[in-house]
Amino acid sequence: MSGGFGLDLSDEQRELRSWVHGFAADVVRPAASDWDEREQTPWPIIQEAAKIGLYDFDALATLWADPTGLSLPLVSEELFWGDAGIGMSIMGTTLGVAGDVSAGTPEQIGEWAPQCFGDAADPKVAAFCVSEPSAGSDVSAMRVRARHDPVTDEWILSGQKAWITNGGIAAVHVVVASVDPELGSRGQAAFVVPPGTPGLSASRKIRKLGLRASHTADVFLDDVRVPGRCLLGGRERLAAARSGRRASGQAALATFEVTRPIVGAQAIGIARAAYEYALAYAREREQFGRPIISNQAIAFALADMRMEIDAARLLIWRAA
Ligand SMILES: Cc1cc2nc3c(=O)[nH]c(=O)nc-3n(C[C@H](O)[C@H](O)[C@H](O)COP(=O)(O)OP(=O)(O)OC[C@H]3O[C@@H](n4cnc5c(N)ncnc54)[C@H](O)[C@@H]3O)c2cc1C
């Protein structure tokens, strides 16, 4: 395996990486083109990951607890090296769980995080719903509203989310909504929409150029009522966000802070796979009586790719 590039990892981290690499090479890669062409969620592969203990809340919590921060990037890189679409189908749930963990109370984490995964007999996925048709990079422009009904102590969510991984097929949807639109992202909070809640629906799966096995859809919230306890972090967290005391108090940013290095590692896995395919082809393909890699223009391009992948990995590990 050429993933290490000589970087210094502990024995446990090397073992973890080679375990996930084995799964990516033996289970993910052979199934990749089939699920990509079918553009369907690869439930049997998710189930395989659950069976070997790679897809459940305990596994994620253990990876998260690594004080170096490197375990999750290592796992992400290997899975996405196997296949980006299947990798995202397995890792997409992490985003929903991160939404729960970064904003929720210990009780809320204990209640919802395991439900995001289901179990090996009946695996589930989760979704984290932030983006909207007019609010991509600009999260403060969010229009989905959350209103409180004091009579029933319920929150009522209304509006449209866009480009949501696992949108509509998730057991648990974590939805970021605006409680005080005039406060921008400081007036936003995250809510759990429990499985089977009426009023939540989704578009058909969106067709994409890549990550095609991964389910992406728009999510519609038609006066979705959730109990007061579904406000992640409760009213105290909402008050702290409103006051602007710290950026990580804001619902969407708190989740992005813990997940962006993971997304970077996913991109490294894709880049590494592309580099390895290109290298193998350049060695095998012969023109003018010799392998094309013996032309400097091609060898230099490959060397640059490898250097840039290595540099990007160092940056991501440092951020993690
Ligand atoms: C496969 C896939 C899965 C996704 N899954 C989820 C999900 O699970 N949950 C979710 O909430 N969202 C999801 N998204 C949405 C994703 O988070 C958004 O696409 C992202 O936030 C960017 O928003 P946008 O596409 O509207 O781009 P825009 O915000 O419209 O940006 C367009 C371009 O302009 C650039 N740009 C914007 N503002 C600036 C600026 N100030 N300075 C310089 N450049 C700028 C951007 O970098 C980008 O290149 C998903 C998207 C995809 C493609």
Side-chain angles (χ1 to χ4, degrees), residues 32 35-36 38-42 46 60 72 76 79-80 83-103 112-113 116-117 124-146 157-178 184-185 188-193 200-221 224 232 247 250-271 312:
W35 290 103
D36 181 71
R38 284 155 62 177
E39 300 194 38
Q40 287 174 359
T41 303
I46 298 173
L60 182 61
L72 263 174
S76 302
L79 282 176
F80 277 66
D83 178 60
I86 294 178
M88 184 57 86
S89 300
I90 293 171
M91 292 297 291
T93 294
T94 306
L95 200 56
V97 177
D100 182 17
V101 169
S102 56
W112 302 113
C116 291
F117 292 95
K124 306 284 185 203
V125 291
F128 185 60
C129 313
V130 175
S131 305
E132 299 179 6
S134 303
S137 307
D138 185 7
V139 174
S140 64
M142 189 178 287
R143 289 193 188 154
V144 165
R145 285 293 311 272
L157 307 177
S158 54
Q160 179 185 350
K161 294 293 181 184
W163 287 101
I164 304 304
T165 301
N166 297 332
I169 64 165
V172 173
H173 290 76
V174 176
V175 176
V176 178
S178 183
S185 53
Q188 296 166 357
F191 300 84
V192 166
V193 180
L200 186 148
S201 61
S203 69
R204 286 176 52 185
K205 180 176 183 170
I206 295 168
R207 298 202 72 186
K208 306 193 291 297
L209 293 174
L211 277 87
R212 296 196 304 172
S214 171
H215 186 101
T216 317
D218 287 0
V219 169
F220 306 102
L221 301 144
V224 173
L232 287 174
Q250 296 171 18
L253 281 185
T255 304
F256 291 147
E257 267 185 12
V258 295
T259 54
R260 290 309 94 172
I262 301 172
V263 174
Q266 294 169 352
I268 290 296
I270 297 169

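In each ligand, atom 1 is the first atom listed, and ligand 1 is the first ligand listed.
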Can you list every pair where an N/O of ligand 1 is under 3.5 Å from an N/O on the protein?
| unit_1 | atom_1 | unit_2 | atom_2 | d |
| --- | --- | --- | --- | --- |
| ligand 1 | 5 (N) | Trp163 | O | 2.9 |
| ligand 1 | 5 (N) | Thr165 | OG1 | 2.8 |
| ligand 1 | 8 (O) | Thr165 | N | 2.9 |
| ligand 1 | 8 (O) | Thr165 | OG1 | 3.3 |
| ligand 1 | 9 (N) | Phe128 | O | 2.8 |
| ligand 1 | 11 (O) | Val130 | N | 2.9 |
| ligand 1 | 11 (O) | Ser131 | N | 2.8 |
| ligand 1 | 11 (O) | Ser131 | OG | 3.2 |
| ligand 1 | 12 (N) | Ser131 | OG | 2.7 |
| ligand 1 | 14 (N) | Trp163 | O | 3.1 |
| ligand 1 | 17 (O) | Ser131 | OG | 3.3 |
| ligand 1 | 23 (O) | Ser137 | N | 3.4 |
| ligand 1 | 29 (O) | Ser137 | N | 2.8 |
| ligand 1 | 29 (O) | Ser137 | OG | 2.6 |

Exercise. Return the set of residues passing ring pair (Phe, Tyr, Trp, His ring centres under 6.0 Å) with Phe80 (not counting sequence neighbours), or none when no residue passes.
Key: none
Practice problem: Please name all residues satisfying side chain to side chain contact (heavy atoms under 4.5 Å, CB included) with Ala177, sequence neighbours left out, ordered by chain then number. | Solution: Val144, Ala146, Leu157, Phe191
Quiz item: Does Val175 reach the side chain of Phe128, with side-chain heavy atoms less than 4.5 Å apart?
Solution: no
Self-check item: Glu39 and Arg212 ion-paired at < 4.0 Å
Solution: yes
List, one per line, each side-chain donor-acceptor pair under 3.5 Å for residues 260-268, sequence neighbours excluded.
none

Quiz item: Around atom CZ of Arg145, are there more than 12 heavy atoms of other residues, nucleotides or ligands at under 6.0 Å?
Solution: yes
